[in-house]
Amino acid sequence: MSEFNLTILLASVVAGAVPILLATLGETITEKAGIINLSLDGSILLSAMTAFVVAYETGSILMGFACAALAGALVAAVVAVFSIYLNQSQVAVGFVLTLMTRDLAYFLGNPYSRLQGPSVLQHPIPLLSDIPFIGEVFFNHTFPVYLSLLLIGLCWWYMYRTPQGLNLRAVGENPRACFARGISPAKIQMFYAVCGGAFVGLAGATFSLCTKPGWGRPQGAEGTGWIALALVIFGGWHPVRAAVGAYLFAFLQVIGIYFQNWFPSVPAQVFQVAPFPLMIFTLLIINFVQKESAIDRAGGKAWMKSILGTLSGAPPTALGKSYRPD
Amino acid sequence: MNISDNTKHTAFLRYSRELILTLVVVFSFTTLILLLAGAPPLAAYYQIFKGSLGSWMKLGQVISVWIPLTLCSCGLLYTFRINLWNIGIEGQVMMGAIFTTFVLRFGMDGHMPGMYLCAAFVAGIAGGAIWALFAGYLKTKGGIHEIFAGLGLNFVAQAIILWLIFGPWKRPGIASMSGTELLPRELWLPYVSYMRLSVVGLVLAVIAIAVTALMLRYTKIGLYLKAIGSNLNAAHMFDLNPRTYMLIAMIFAGGFAGLAGGIQVTGVYHRLIPAISSNYGYLALLVVMLSNYNVWISPAVAFFFACLNVGSIQLPMMLQLDSSLSGVIQGALVLAALVMHAWRMRAKTLKEPFYNE
């Protein structure tokens with residue numbers, strides 16, 4: 001294990017990033033439409049539990065994934081309904097749901113803890129997996145891995161290259177103008193909140209059926225939702241950049257495991273919480289970069305400007321504000 | 001009967017009707033969840049009741065939970081006034097516990113316990129306030145939303161506790177999850193023996209409620225917090241610096257949370273354990289939301305939540321259910337209350353045009 005192998009390292013990054021990648025993509029979609037679904041940390045657990053229990057009872061992994069997506073969509077729908085139709089704070093409702101869905105998952109999943117259940121099998125893609133290096137890294141994985149790779153491109157294409165995607169972004173930027181143009185912000189926000197929630201559900205299912213098979217308290221997915229929420233900011237609300245963030249994060253996680261082997265004297269807790277100070281640090285940098293003074297200080301250096309340009313990204317203007325047509 | 005009496009009367013009727021409706025909805029929802037888990041609902045409710053109010057000992061446990069919950073709720077009232085989501089309160093409780101333990105470790109020989117306890121509480125309050133200031137500075141200077149700053153600091157605080165318990169502060173011999181070495185009896189807060197309840201903690205919690213009520217209602221700080229919280233732009237015009245007051249609110253919240261952590265160490269566990277904060281910080285956020293940010297209602301809500309928490313400890317033993325049922329009930333209560341709130345607001349806005357005519 002301590003031997004360093006780049007192919008294995010990268011392959012495990014691609015495989016390990018799947019849950020957080022799916023959750024980040026889902027939240028990016030939801031936030032792009034102007035809704036913050038803060039409940040990610042809990043709804044990932046709830047859908048992970050749902051996926052495991054359904055797959056265990058029915059023996060069908062596909063059913064597990066479907067029901068998990070449904071669970072995630074349901075939680076997101078609650079946030080959206082409270083915001084759009086009841087005019088309540090998305091942050092408040094999201095936070096309550098974070099705690100509540102986590103407890104619900106522990107409560108309902110209790111009889112199924114520590115059971116040996118089904119898990120997704122490896123499916124190398126026939127021809128592509130024979131390509132030297134690339135095949136091993138990208139095409140010798142499980143089904144959710146391929147799905148996640150596909151979804152990155154699909155999300156980008158949908159958001160930036162289709163009329164529906166334009167509507168999605170427009171609602172997040174200016175719901176009032178959309179309303180005037182005959183587009184219903186309520187319907188669009190509802191739809192994309194549910195879509196994003198389904199992605200988050202898939203993320204949960206990937207945890208309990210693929211990345212960390214099984215269910216228990218704690219499951220091991222705790223904290224992922226918060227990281228995903230931070231990665232959306234890191235990604236500047238852009239699906240591809242968010243995906244890069246997710247892979248970077250997974251890379252750090254894998255490296256952490258190597259470090260633990262290399263430096264056994266450092267307590268394991270340090271590596272486990274390392275993501276969170278890192279999250280704060282990243283957000284600090286992002287915020288600093290967005291300030292005018294930083295761009296001034298970059299002066300004439302073009303490379304500095306391009307770095308700053310790639311790091312900055314503004315949130316959708318109407319993010320988190322519920323819109324009421326007058 | 002004059003008009004104002006009449007409107008008060010109907011308002012009271014409406015509130016009680018809403019309360020009953022909320023409870024019925026939550027009760028039905030919980031019953032549904034219990035049936036889904038294949039558990040007998042009535043037996044579960046009975047166990048929660050018996051486990052929380054069934055004996056003096058249990059009531060003592062409930063009050064021991066009520067104390068940190070109330071302290072945290074009091075702290076959160078300051079931050080909510082200025083529209084800050086102090087999710088980092090959990091870590092502030094932990095830091096308070098760490099600082100308290102740090103001071104008490106000098107008094108392990110049991111000399112002058114009173115002095116050490118006082119110093120320990122001051123240290124605990126300072127610890128919580130420092131951790132809150134970190135989050136506050138990240139918000140005001142770093143531009144990081146307080147939810148992310150606070151949450152990140154929570155995980156860091158938890159890691160520090162684990163590191164201390166397994167590293168520098170480990171028990172002589174073997175380090176374990178059960179925590180640091182037990183404090184000598186002289187450093188325990190005096191407690192009522194048949195209830196296992198520390199009176200000092202109870203008194204401090206009651207003082208905290210009174211202080212918070214006075215601060216928010218009758219002092220300039222309370223007024224400014226509310227002013228900035230309700231209208232940031234107007235605050236600028238009145239030459240109030242929102243950042244300063246955000247930090248002040250954070251100091252208060254962290255101070256109360258740190259005190260709660262200190263009481264957890266000296267009055268409840270008598271040592272530092274990994275789960276010293278027991279999620280009371282997060283729970284206090286729900287308490288304050290459910291009490292509609294009211295100083296006088298939140299202690300009552302905190303008491304009810306404490307009953308649910310303590311009562312549900314029975315569930316795994318008696319019915320093989322997970323104790324997290326309490327969290328489900330608490331969450332459902334807040335959501336139902338938010339729906340009621342929304343309907344009340346909607347009814348108001350629908351009626352308003354008629355008043356104007």
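Note on naming: letters A, B, ... go to the chains in the order of the sequence lines (proteins, then strands), and numbering restarts at 1 for each one. In what follows, every heavy atom counts, from backbone to side chain, and hydrogens, waters and symmetry copies are set aside. Nothing here was measured: the structure is a model prediction, and the numbers come from that model.
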Give a yes or no on this: more than 12 heavy atoms of other residues, nucleotides or ligands lie within 6.0 Å of atom OH of B/Tyr293.
-> yes
Got a sec: does the CE of A/Met63 have more than 12 other heavy atoms crowding it under 6.0 Å?
-> no
A/Ala105, A/Ala230, A/Ser113: which one forms the most heavy-atom pairs within less than 4.5 Å of chain B?
-> A/Ala230
Drop me the distance from A/Ile233's CD1 to B/His145's NE2, to the nearest 0.5 angstrom.
-> 8.5 Å
Go through the steps to decide whether A/Phe276 and B/Asn154 satisfy the test side-chain contact (heavy atoms from CB on, under 4.5 Å), and finish with yes or no.
-> CA-CA 9 Å; A/Phe276 294 98; B/Asn154 289 350; over 6 Å; no
Honestly, the part of A/Asn110 sitting under 4.5 Å from a heavy atom of chain B is side chain
Which region of B/Ala37, side chain (C-beta onward) or backbone (N, CA, C, O), has a non-hydrogen atom less than 4.5 Å from a non-hydrogen atom of chain A, or is it both or neither?
-> both
Proximity breakdown for B/Ala332 and chain A, heavy-atom pairs closer than 4.5 Å = both
Name the region of B/Ile160, side chain, backbone, both or neither, that has any atom closer than 4.5 Å to a heavy atom of chain A.
-> neither
So CG of A/Leu99 and CG of B/Leu283: to nearest 0.5 Å the spacing works out to 8.0 Å
Contact part of B/Gln320 toward chain A, heavy-atom cut-off under 4.5 Å: side chain, backbone, both or neither?
-> backbone
Top contributor to chain A contacts, counting heavy-atom pairs under 4.5 Å, from B/Val156, B/Leu36, B/Ile33 = B/Ile33
Could you check A/Leu97 against B/Leu335 for side-chain contact (heavy atoms from CB on, under 4.5 Å), going step by step and ending with a plain yes or no?
-> CA-CA 8 Å; A/Leu97 281 172; B/Leu335 286 186; 3.8 Å; yes
With chain B, the option among A/Leu283, A/Leu278, A/Val93 that has the most non-hydrogen atom pairs under 4.5 Å is A/Leu283
What closest approach, in Å, do A/Tyr106 and B/Ser324 show between heavy atoms, and which atom pair accounts for it?
-> CB-OG, 3.4 Å
Test item: A/Asn287 side-chain N/O and B/Gly142 main-chain N/O as donor-acceptor pair under 3.5 Å | yes
Nearest 0.5 Å please: distance from the CZ atom of A/Phe281 over to the CG atom of B/Leu138.
-> 11.5 Å
Heavy-atom proximity to chain B below 4.5 Å, by part of A/Leu38 = side chain
Honestly, the part of B/Asn279 sitting under 4.5 Å from a heavy atom of chain A is side chain
Can you tell which of B/Leu321, B/Val334, B/Leu34, B/Leu151 has the highest number of heavy-atom pairs within less than 4.5 Å of chain A?
-> B/Leu151
So which part of A/Leu108 gets closer than 4.5 Å to some heavy atom of chain B, the side chain, the backbone, both or neither?
-> side chain
Smallest heavy-atom separation, B/Ser323 atom then A/Arg217 atom, equals OG-NH1, 4.1 Å
Taking atom CG of A/Asn87 and atom NE2 of B/His341, what is their separation to the nearest 0.5 Å?
-> 9.0 Å
Measuring heavy-atom distances to chain B, does A/Val81 have an atom under 4.5 Å in its side chain, in its backbone, in both, or in neither?
-> neither
How about B/Tyr282 and A/Thr98: do any of their side-chain heavy atoms sit closer than 4.5 Å?
-> no
Side-chain heavy-atom pair A/Leu229, B/Ile147 within 4.5 angstrom cut-off | no
Side chain / backbone / both / neither for A/Ile280 at chain B, heavy atoms under 4.5 Å | both
Ring-ring centroid check B/Trp85 A/Phe95, cutoff 6.0 Å = yes
Check step by step if side-chain contact (heavy atoms from CB on, under 4.5 Å) holds for A/Val96 and B/Met289.
-> CA-CA 9 Å; A/Val96 175; B/Met289 272 194 261; 3.7 Å; yes
